[in-house]
Amino acid sequence: MIAPPARVPAPAVDGPQLRDIHLPPDPSWWPPAPGWWLLGAVALALLSFAAWWWRRHRRVTRQRRQVLAEMSRLRERHRVDGDDARLFADTHQLLRRVARTQEPLAGQQRGAAWYATLARVRVDAATLQQVRQLDVVIYRPLPTVDIPPLVAAAEAWLRAATSRRWKPAQVPHA
C-alpha cells in the first residue's frame with residue numbers, strides 16, 4: 001500500500017495581519033460634561049444664597065438682641081431711679097432709632113406721619129395704641145400712665161420692627 005501523499009500546507013496569502021480589537025481609551029475627567037457644569041453652577045448659587053441668608057439672619061438677630069437689651073437696661077434703670085419722664089423719653093428715642101432703619105426720615109416725623117411709620121410695623125391694634133400714647137406722654141409734665149403695659153407694648157413693637165415685619169410704605173397720591 002502506498003501511503004497517500006502528505007498534505008502540504010498552502011502557502012500564506014499576502015495581506016494585512018489582523019490583530020485583536022482594541023477599545024478606545026477611557027474618557028478624560030476634564031473637562032466635565034455640560035450637565036456637571038450646570039450642577040456646579042446650581043450648587044454654587046444655592047451655597048451663595050445660603051451664606052447670604054445666614055449672614056442676614058445673624059445680623060437681624062444680633063440687632064434684635066441689642067435693641068431688646070437696651071430696652072431691658074432702660075426698664076432696669078427706671079426700676080432703680082423711678083424717673084418716669086426719662087424712661088418715656090429714652091424709649092421714644094429708641095423707637096425712633098429703630099424706625100429709622102426702614103424709614104430714614106423717622107427721626108424728623110411728627111404727628112400723623114410718625115403714627116403712619118409706627119403703623120407700618122405688623123403689631124396688634126392695642127400695642128400700636130400704647131406705642132402711640134408714648135408720643136403724647138413724653139410732652140406732659142407729670143404723666144399718669146400705667147408703665148408696665150406701655151413698656152411691654154414698646155418691647156413688642158421693637159421685637160416686630162427688628163424682625164423685619166414692616167408693611168410697605170404708602171405713597172401719598174398727588
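Counting from 1, the numbers follow the sequence of the chain as shown.
- Partners of T101 by side-chain contact (heavy atoms from CB on, under 4.5 Å), not counting sequence neighbours, listed by chain and number: R164.
- Counting heavy atoms from C-beta on, the side chains of V60 and T162 never come closer than 4.5 Å.
- Contacts of A119 classified as side-chain contact (heavy atoms from CB on, under 4.5 Å), with partners at least two apart in sequence or in another chain: L128, R132.
- Taking OG from S163 and CD from Q63, the interatomic distance works out to 10.5 Å, rounded to the nearest 0.5 Å.
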Task: Test side chain to side chain contact (heavy atoms under 4.5 Å, CB included) applied to T91 and V151, step by step - done: CA-CA 8 Å; T91 302; V151 170; 5.5 Å; no
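- A side-chain donor-acceptor contact under 3.5 Å links R96 to the backbone of Q109.
- More than 12 heavy atoms of other residues, nucleotides or ligands shown are found within 6.0 angstrom of CZ on R59.
- When side chains are defined from C-beta on, Q130 does not count as touching L134, because their heavy atoms never get closer than 4.5 Å.
- For the side chain to side chain donor-acceptor pair (under 3.5 Å) test, residues two or more places apart in sequence or in another chain that qualify with E103 are R120.
- Summarising the hydrophobic clusters (Ile, Leu, Val, Met, Phe, Trp, Tyr; side-chain heavy atoms under 4.5 Å, direct or chained), the residues clustered with L39 are W36.
- Checked against side chain to side chain donor-acceptor pair (under 3.5 Å), D124 has the following partners two or more places apart in sequence or in another chain: T127.
- Within the structure, the ring-ring contact (aromatic ring centres under 6.0 Å, His included) test picks out the following pairs touching residues 99-141 (sequence neighbours left out): H92-W114.
- A search for side chain to side chain donor-acceptor pair (under 3.5 Å) contacts involving E70 returns R97, not counting sequence neighbours.
- For R122, the side-chain contact (heavy atoms from CB on, under 4.5 Å) partners at least two apart in sequence or on another chain are R165, K167, P168.
- L18 shares a hydrophobic cluster with no other residue; no ILVMFWY side chain has heavy atoms under 4.5 Å from its own.
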Open item on the list: Before you tell me yes or no, could you show the steps for W166 and T117 under side chain to side chain contact (heavy atoms under 4.5 Å, CB included), namely the whole-Å CA-CA distance, both residues' side-chain angles and the distance that decides it to 0.1 Å?
Closed with: CA-CA 9 Å; W166 286 73; T117 298; 4.2 Å; yes
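- Cation-pi geometry between R159 and W157 is not satisfied (NZ or CZ under 6.0 Å from the ring centre, within 45° of the ring normal).
- In this structure, W37 shares a hydrophobic cluster with W29, W30, the cluster being traced through Ile, Leu, Val, Met, Phe, Trp and Tyr side chains under 4.5 angstrom apart.
- T61 OG1 to R56 CZ: the interatomic distance, rounded to the nearest 0.5 Å, is 10.0 Å.
- Residues R100 and G107 come closest through the heavy atom pair CG-N, 3.8 Å.
- A161 and V98 make their closest contact through CB-CG1, 3.7 Å (heavy atoms, listed as atom of the first residue, atom of the second, distance).
- Note that CG of L87 and CG of L74 are 6.5 Å apart. Values are rounded to the nearest 0.5 Å.
- How far CZ of F88 is from CD of Q93: 15.5 Å, rounded to the nearest 0.5 Å.
- Among residues two or more places apart in sequence or in another chain, the side-chain contact (heavy atoms from CB on, under 4.5 Å) test is passed with Q108 by L105.
- Here CG of D90 is found 11.0 Å from CG of L95. Values are rounded to the nearest 0.5 Å.
- Classification of E76 and R73 as a salt-bridged pair fails, no side-chain N sitting under 4.0 Å from a carboxylate O.
- In plain terms, the two heavy atoms of V123 and A160 that are nearest each other are CG1-CB, 3.6 Å.
- Annotation: ring-ring contact (aromatic ring centres under 6.0 Å, His included) contacts involving residues 56-87, sequence neighbours excluded, comprise W53-H57.
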